[in-house]
Amino acid sequence: MLVTAALPYVNGHIHLGHLVEYIQADIWVRFQRLQGNQVAYICADDTHGTATMIRARQEGRSEQQIMAEMSEAHQKDFADFAVQFSHYGSTDAPSNKQLVGEFWAALRQARDDAGESIVAERDVTQLYDPKAGSFLADRFVKGTCPKCKSPDQYGDSCEKCAATFSPSDLINPVSTLSGAKPELRSAKHYFVRLEPFRDFLKAWTRSDNTLQNEIANWLHGAFLNDALRDWDVSRPAPYFGFEIPDAPGNFFYVWVDAPVGYLSSLTDWCATTQQDVKQWWPKTTDKNFGAGEIHHFIGKDITYFHTLFWPAMLKTAGYQLPTQVHIHGFLTVNGEKMSKSKGTFIRARAYLDAGLDPAYLRYYFASKLNGKVEDIDLNLAEFVDKVNSDIVGKVVNLASRTAKFVPVLASTYPDDGGLFNAAAAESDAIATAYATGDYSAAMRRIMALADRANEYVEARAPWALKKDPARLDELTAACTVSLNLFRQLCIYLAPVLPDLAQKTADLLGGSGNTWQDAQKPLTGITLAPFKHLVARLDPAKVDAMVAASASETPAPASVVATAVDDGEALSAEPLAGTIAFEDFSKVDLRVARIIAAVEIPKAKKILQLTVSLGGEDRRTVFAGIKTAYGDPTKLVGRLIVIVANLAAKPMSFGTSEGMAIAAGPGGQEIFLLSPDSGAKPGQRIH
RNA sequence: GGCGAUAUAGCUCAGCGGUUAGAGCGGUGGCUUCAUAAGCCAUAGGUCGAAGGUUCGAUUCCUUCUAUCGCUACCA
């Protein structure tokens, strides 16, 4: 059984969002192995594409250096989260180049029912950056919207008026790579015609369990209903990737060689371990075709590649198709998209550096994942509560509260009122939950067992038995039962918490390495000295992690993208007449700190601010900024600039004792002025 | 604008065409003190987003609406 996780892109570090997938797949792999299945867990770095090329240029070093550095960082992050790949390769590997060539040759030879070639050639006109010497994807061009004249819009559509257009329609287009003015150039591209595969894909996407229903429905509604468009698989030079063998100067688009990376990484692993790759991923002509299973774990954003293009490629080249594609949603933090400024864009390394145990995150994700394509939320407060309550308070506590009472387990398993057998009987239900990806159901069942075990300990009160030497047998029995119940839980949790399972095996001297071990209690075992198994989660560490993530200075996104200023704002509001300095000096502008910001229910645009000018000087200011600052609590604490000597103005909500200074036309676009850090409330602006 | 999804107790989520809708956490009140301030018992708290429809009966199925989240905008 072969399992892959999506290939992380070489350009960025692993963050908690990535880990949802790698941990999810790792849990599944570990579960399958506990069940006795042989599993290869394969991953690799996705290396090619324009982004890598540009980064290498900007940093003045080779793509190879970047790839080496990032691969090492990625692998270390994964290893530290107990994500254990059989092999971690690279899409830039020679084996991948060879395989991509093989796939390409197959596509070149393939013919549809009408005898037409699957590969088509067409000229594509694109904007070209003469300074950077590169064709520009739509997102690398910015300019003014031809319809509504909004500045700073991307080359494909306008975020303001929602018009869609071609990058060449932009007014004053600018390359975000170099700032140069792009020109139109035409180049030949190669396309894979997908329409001939449509009937095949319609059937395959509906075949049993291959895809979650919601995904299959969506594909059928969104894509497979109409003729499939041709897929542009080539990019003209310069491009970082593999050159197309029979078309010099043209390179394979990154999404051609990325999925092939699954196969090439597997191939490399088989080479180093002296296995036959066909055992894992056979072709139709191999004897064991269809004998093993192939599972891809991916995020919903790359569904098309794995459910349309990739199956078409595999079919054409004669490889076994994926048994199942497991598609998951995205991670939000505290209910919102991960945000760098809020510190919720958390890198895997930042989590570890804060001193947090990977087991916490593995358990939390497991308790949330349910096999659907829904997004899952990492609520940091809940994270702390859940981990401490479930793992430490319920599960590990069972061992903590009984392991020190007895040196040796009873030689025969005592009567426990059927508890152990009841928990053993849960085995299948829990296994089914794991197998179907519904880890949250598995966790719920396991925690319910932990509750019952704690009730048992409470009822037997071993701490009371301990005081009476005559009741030693009872004490031993009670501890034997509770430690066995604990061990069962650890076996059930082993896919999620491999480290705890190992420590428990050490403590109890048992094997505990297969799922079946949960069916049979341990007896007569001499206990190893008890050590804490999992540390309590300290919320301060979570706070530290968020603070550290927030203070990370984001890398400058692009050289000139945001520096393209036009004259729209100025012409919309022409300059006022010239004033004398005396006139200006009448206006007393002061730095003020917002100490409270309150919504006024009746007001659509007004927020009530209480600002401090330092000392005791507090003022109430009504500011028309609600449309842009919807969450007033976020304003509290920040410094702004106010007109401090403006005559008080009575309003229907109260009297405004100053005016907050802000720029922008209104609506969403209101920008409060802030002094640079170091300014103090009360200071005058000169 | 298009597409997908979600909307059930304060929070995170189960559940299901049919007797009084559940769990964990949190709250409250007890108990316990073995344990990493852990555990046990009890208890409060929901007109299952809104409006229609199907049905003997809907939180559960259908339609519409609203809100939220995510993706996407014609090289997916």
Side-chain angles (χ1 to χ4, degrees), chain A residues 122 124-126 135 137-139 154 156-159 161-167 189-192 194 212 214-215 217-219 221-223 228-235 253-255 299-305 307-309 327 329-332 334-337 364 367-368 370 372-379 381-405 438 440-441 443-445 447-448 450-467 475 478-479 482 530-538:
Chain A
R122 279 205 294 281
V124 171
T125 304
Q126 256 190 307
F135 281 93
D138 292 353
R139 287 265 141 182
Y154 286 112
D156 45 6
S157 67
C158 176
E159 288 177 348
C161 72
T164 59
F165 38 80
S166 144
H189 282 235
Y190 293 83
F191 293 81
V192 169
L194 289 167
Q212 287 117 308
E214 57 221 279
I215 293 288
N217 290 340
W218 174 62
L219 287 171
F223 297 95
L228 289 165
R229 289 187 205 122
D230 297 348
W231 179 32
D232 185 352
V233 295
S234 78
R235 295 293 182 273
Y253 175 47
V254 57
W255 266 108
K300 63 183 179 182
D301 54 328
I302 53 176
T303 299
Y304 332 93
F305 297 108
T307 57
L308 301 180
F309 306 160
I327 302 174
F330 286 97
L331 180 71
T332 57
N334 290 338
E336 296 178 339
K337 209 172 166 179
Y364 186 80
S367 77
K368 291 273 181 174
N370 58 9
K372 295 187 191 161
V373 193
E374 295 167 4
D375 293 346
I376 68 170
D377 185 46
L378 168 59
N379 180 291
E382 190 205 12
F383 173 57
V384 174
D385 285 347
K386 190 156 210 147
V387 167
N388 282 339
S389 169
D390 288 357
I391 300 299
V392 181
K394 285 182 184 174
V395 176
V396 170
N397 192 37
L398 279 171
S400 307
R401 66 193 309 202
T402 54
K404 291 181 206 163
F405 289 150
D438 193 356
S440 68
M443 296 306 109
R444 276 198 306 277
R445 283 179 179 277
M447 288 311 140
D451 285 339
R452 274 174 240 162
N454 273 306
E455 288 161 24
Y456 171 86
V457 175
E458 195 72 21
R460 292 305 170 104
W463 54 91
L465 299 173
K466 180 189 66 169
K467 291 171 183 162
L475 174 64
C479 292
S482 52
F530 181 76
K531 286 179 281 193
H532 276 182
L533 299 165
V534 179
R536 172 160 285 273
L537 201 174
D538 179 0

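Each chain gets a letter, A, B and so on, in the order the sequences are listed, and its residues count up from 1. If you're wondering where the values come from, they're calculated on a predicted model, not measured in any experiment.
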Original post:
Given B:C71, B:U36, B:C34, which nucleotide is nearest the side-chain atoms of A:R401?
Top reply: B:C34
Subject >> salt bridge (charged side-chain N to carboxylate O under 4.0 Å, His left out) partners of A:R460, counting only residues at least two apart >> reply: none
Original post:
When rounded to the nearest Å, what value does the distance between C1' atoms of B:G17 and B:A76 take?
Top reply: 40 Å
**OP:** Just compare B:A76, B:C75, B:U36 and give me whichever is closest to any side-chain atom of A:R536.
**Re:** B:U36
Original post:
Nearest to the side chain of A:K404 - B:A76, B:U36, B:C34?
Top reply: B:U36
**OP:** Spell out yes or no: do the side chain of A:R235 and the base of B:C75 have one donor N/O and one acceptor N/O closer than 3.5 Å?
**Re:** yes
Original post:
Who are the ring pair (Phe, Tyr, Trp, His ring centres under 6.0 Å) partners of A:W231, not counting sequence neighbours?
Top reply: A:F309
Subject >> P atoms of B:U6 and B:G49, separation to the nearest Å >> reply: 13 Å
**OP:** Pick the P atom in B:A37 and in B:C13, then give their distance to the nearest Å.
**Re:** 28 Å
**OP:** Could you tell me whether A:K368 and A:E374 have a side-chain N and a carboxylate O separated by less than 4.0 Å?
**Re:** no
Subject >> Name of the residue among A:I391, A:V392, A:N388 meeting side-chain contact (heavy atoms from CB on, under 4.5 Å) with A:L537 >> reply: A:N388
Original post:
Looking at the side chain of A:R444, which of B:U32, B:U36, B:A14 is the nearest nucleotide?
Top reply: B:A14
Subject >> Atom pair NZ (A:K467) and CG (A:L475), whose distance is rounded to the nearest 0.5 Å >> reply: 12.0 Å
**OP:** Sequence neighbours left out, what passes salt bridge (charged side-chain N to carboxylate O under 4.0 Å, His left out) with A:D377? Give chain and number order.
**Re:** none
Subject >> Which nucleotide in B:C25, B:G24, B:C74 has an atom nearest any side-chain atom of A:D385 >> reply: B:C25
Original post:
When the P atoms of B:C41 and B:A5 are considered, how many whole Å apart are they?
Top reply: 40 Å
**OP:** Consider the side chain of A:F330, meaning its heavy atoms from C-beta on, and name the nucleotide among B:G39, B:C71, B:U33 that approaches it most closely.
**Re:** B:C71
Original post:
Rounded to the nearest 0.5 Å, how far does CD1 of A:I302 lie from CH2 of A:W255?
Top reply: 4.0 Å
Original post:
Would you write out the dot-bracket form of RNA chain B, 5' to 3', with Watson-Crick and G-U pairs under 3.5 Å, [ ] for crossing pairs, | for pairs to other strands and . for unpaired bases?
Top reply: (((((((..((((....[...)))).(((((.......))))).....(((((..]....))))))))))))....
Original post:
If we take the P atom in both B:A38 and B:G46, what is their distance in whole Å?
Top reply: 28 Å
**OP:** Just compare B:U33, B:C75, B:C74 and give me whichever is closest to any side-chain atom of A:W231.
**Re:** B:C75
**OP:** Between B:U43 and B:A58, how far apart are the C1' atoms? Round to whole Å, please.
**Re:** 30 Å
Original post:
Think A:R122 forms a cation-pi with A:F191, using NZ or CZ under 6.0 Å from the six-ring centre and within 45 degrees of its axis?
Top reply: yes
Protein N or O to nucleotides 2-12 of chain B N or O, pairs below 3.5 Å:
unit_1: B:C3; atom_1: O2'; unit_2: A:W218; atom_2: NE1; d: 2.5
unit_1: B:U12; atom_1: O4'; unit_2: A:E382; atom_2: OE2; d: 3.3
unit_1: B:U12; atom_1: O3'; unit_2: A:K368; atom_2: NZ; d: 2.8
unit_1: B:U12; atom_1: O2'; unit_2: A:K368; atom_2: NZ; d: 2.5
unit_1: B:U12; atom_1: O2'; unit_2: A:E382; atom_2: OE2; d: 2.9

**OP:** Take atom C1' in B:U8 and the same atom in B:U59, then report the distance between them in whole Å.
**Re:** 7 Å
**OP:** With the side chain of A:F309 defined as its heavy atoms from C-beta on, choose the nearest nucleotide among B:C34, B:A76, B:U36.
**Re:** B:A76
Subject >> Closest to the A:Y304 side chain, choosing from B:C34, B:U72, B:C75 >> reply: B:U72
**OP:** With sequence neighbours left out, write down each residue that passes ring pair (Phe, Tyr, Trp, His ring centres under 6.0 Å) with A:Y304, or none if nothing qualifies.
**Re:** A:W218, A:F223
Subject >> Gap in Å between the two C1' atoms, one belonging to B:U64 and one to B:C25, rounded >> reply: 37 Å
